[in-house]
Amino acid sequence: MFVRKTSGLLKELGPLDTTLLNLSFMGAIAGIVYPLYVASTIPNASWLLSVLLGSLFTLPLVITYYIISVEYNRASADYVFVSRNLNGFSGVLLAISLFVSFSMGFPVLSMLEIIYVIIPGLQGIGYVTANENLINSANQILNSPLDLFLLTLLFSFITFLLSLSVKVYFKAIRYLTFAEIISTFLIIFSLFHYKNSLTTITGDLSFHVSALQTLALSQIMILSYFAFVNSPAYFAGEVKKPKRSMLYGYFVSWLLNLILSIILVLAIEFTIGKLNYISIEQSGWKYPIIPNSLISFATVAFPNPYVVYLMFVTSLSWYLLYAMQNFVMSSRLLFSLSFDRILPASFADVWKGTPIKALLFSFFLSIPFAFIEVYQGLSISFAIDGIWFILWSFLIVSIAMIKKHKVLGSISTIAMLFTAAYTLLYGFINPQFGSLIFAGNQVFDITSIIIPPIIATAIYFVVKKYRMKEGINISEIFKEIPPE
């Protein structure tokens, strides 16, 4: 019934691996940058409450994915779970929509790496070493679509190389996650050297907390990083002792991500000051560094060349970790669909523990999307990218969980629906907030939300008809669990 009797994937992952996978996929230091950028449009939101609400909103999703990954320990466990517990069409809808979302979202990650890490990093090094050429080069990249596109291609190629071998990939995840943690603490250390003389606003800095704005910011934190709790599910077929490993992979990483987020927002509020941070983001400052990243503030706060160099190098891990997981998760989705005969059997070919043809396909597909979104400028906002995943992944998984655990599935479903609906609604009623949520082409942003399910629906019904002609009823395949 399936493509072959064994998956060919290697069971090599333990508790540390699953914890680092998920911790890096959420990525507090990288994930919080965008919400703090959006926070400039909602100045009365409480950052600390937003962090707490964002993490609590996603706790039912964490529990859901833990259950799925333990009971359905196969590659792309969420796809296997949905297709076997809801129906085959829903599983294919989830998998294809996710794959399209990963492919269309990859240029977004590339742009974030360039704008939030490379540009302020190069400007910061130029500032502390008095190297104007470095500052000018960074400015040139920022203002040149061609340079942005070429850097995106380089970023894609490096990501692809690191993802080719399973052993190299998981070692890279481990070392890069440690680099991200070092980067986080370097930034926190530097922020505590921030001088009051750098303050750009005066007068009464008090503010009242707005419940609506706090709720809006918490949803952006969910879309940016708190919802991305499901990395171990894609590697569930490669995990040793899944019950113990997944316990660490989901709950320890969720808790560490929450703790790091709390430390970061408190560090900013106690050093720079929340309203001062917002004022600088809105009005700029006298330094030749774009004030859109924590790297910028940390550099100005503690302009020690050695610290700035190390901070830049370790911060390169931020969106590289996201991108690596995007590539490899995409390949696992194609692998699982191939195993179920939805896609060609070649996507199930494994080389050195990697579904190599699936990975190659994911890489080459990312190139035209990079051209369209980066060079042509038809990019989507980070928030819309998050809504894709909410609607076509986390929501479908939550609905499927209702059949197995009614209360848990219902709570998770309501939370995911609320996140998508509240973000879109608040974006329409608050023009400033909406200008960032629907950055770029608003029609393209909204339309892009329905692109993944349209492609998924077309593939499902075409394949179903084609396999029927071969004498294969794909509905029967979804009644069996794929082999290990």
Side-chain angles (χ1 to χ4, degrees), residues 1-3 68 75-106 227 230 233-234 326 329-348 358 361-362 364-366 368-369 372-373 378 380 384-403 409 413 416-417 419-421 424 443-480 482:
M1 183 180 293
F2 297 101
V3 169
I68 291 170
S76 306
D78 50 358
Y79 157 72
V80 176
F81 170 74
V82 170
S83 60
R84 271 64 181 179
N85 281 273
L86 207 51
N87 52 62
F89 171 72
S90 297
V92 173
L93 174 63
L94 176 143
I96 295 293
S97 296
L98 260 180
F99 176 76
V100 174
S101 298
F102 279 137
S103 301
M104 292 181 70
F106 189 85
N230 60 332
Y234 293 90
N326 260 24
M329 288 175 183
S330 296
S331 71
R332 295 305 189 272
L333 285 166
L334 295 179
F335 172 87
S336 298
L337 287 166
S338 174
F339 230 77
D340 283 350
R341 298 186 181 274
I342 301 300
L343 294 180
S346 60
F347 283 137
F361 183 78
S362 300
F364 285 115
L365 188 62
S366 71
F369 280 120
I372 293 168
E373 296 183 47
L378 281 175
I380 58 165
I384 294 296
D385 180 58
I387 287 175
W388 284 350
F389 287 94
I390 292 289
L391 293 178
W392 309 125
S393 174
F394 306 134
L395 179 60
I396 295 174
V397 168
S398 299
I399 291 171
M401 181 55 72
I402 292 174
K403 288 185 68 175
T413 298
M416 294 301 99
L417 282 171
T419 294
L424 292 172
V443 174
F444 180 71
D445 270 343
I446 300 299
T447 304
S448 71
I449 294 175
I450 63 172
I451 291 175
I454 290 173
I455 295 173
T457 302
I459 288 175
Y460 177 81
F461 286 106
V462 168
V463 168
K464 186 175 184 179
K465 188 174 182 180
Y466 176 78
R467 293 301 187 197
M468 195 63 74
K469 288 181 180 179
E470 293 184 328
I472 299 172
N473 183 355
I474 61 172
S475 298
E476 293 299 315
I477 294 176
F478 295 125
K479 294 178 182 179
E480 302 287 337

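Just so you know, residue 1 is the first one in the sequence shown, and it goes up from there.
- Using a 4.5 Å heavy-atom cutoff, the side chains of I342 and Y79 are in contact.
- Looking at S331, its side chain never comes within 3.5 Å of a backbone N or O of A358 through a donor-acceptor pair.
- Residues S330 and F102 approach most closely at OG-CB, 3.2 Å, considering heavy atoms.
- Considering every non-hydrogen atom in both G409 and I402, the closest pair reads C-CG1, 3.5 Å.
- Note that the CD1 atom of I455 and the CD1 atom of I450 stand 10.5 Å from one another [nearest 0.5 Å].
- Note that the CZ atom of F461 and the NZ atom of K464 stand 6.5 Å from one another [nearest 0.5 Å].
- In this structure, the side chains of I68 and M401 come closer than 4.5 Å at one or more pairs of heavy atoms.
- Counting all heavy atoms, side chain and backbone alike, A227 lies closest to F394 at O-CZ, 3.3 Å.
- Here S362 contributes atom OG and M329 contributes atom CE; the two are 12.5 Å apart, rounded to the nearest 0.5 Å.
- At least one side-chain heavy atom of L334 sits under 4.5 Å from a side-chain heavy atom of F99.
- A distance of 7.5 Å separates CG in L424 from CG in L391, rounded to the nearest 0.5 Å.
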* Start with the C-alpha gap between W388 and L98, add the side-chain angles, then the distance that decides, and say whether side chain to side chain contact (heavy atoms under 4.5 Å, CB included) holds. => CA-CA 8 Å; W388 284 350; L98 260 180; over 6 Å; no
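- Rounding to the nearest 0.5 angstrom, the gap separating the CH2 atom in W392 from the CD1 atom in I451 is 12.0 Å.
- The heavy-atom pair separating V463 from R341 by the smallest distance is CG1-O, 3.8 Å.
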* To do: Under the salt bridge (charged side-chain N to carboxylate O under 4.0 Å, His left out) rule, what do R84 and D340 come out as? Steps first, then yes or no, please.
  => CA-CA 11 Å; R84 271 64 181 179; D340 283 350; 2.8 Å; yes
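- Closest of all the heavy-atom pairs between G91 and V82 is N-CG1, 3.6 Å.
- Residues N473 and R467 fail the side-chain proximity criterion, which asks for heavy atoms closer than 4.5 Å.
- A distance of 10.0 Å separates CD1 of I396 from CG of D78, quoted to the nearest 0.5 Å.
- Shown here for V92 and Y460, the closest heavy-atom pair between the two residues is CG2-CD1, 3.7 Å.
- Looking only at distances, no side-chain donor or acceptor of S393 sits under 3.5 Å from a matching main-chain atom of I390.
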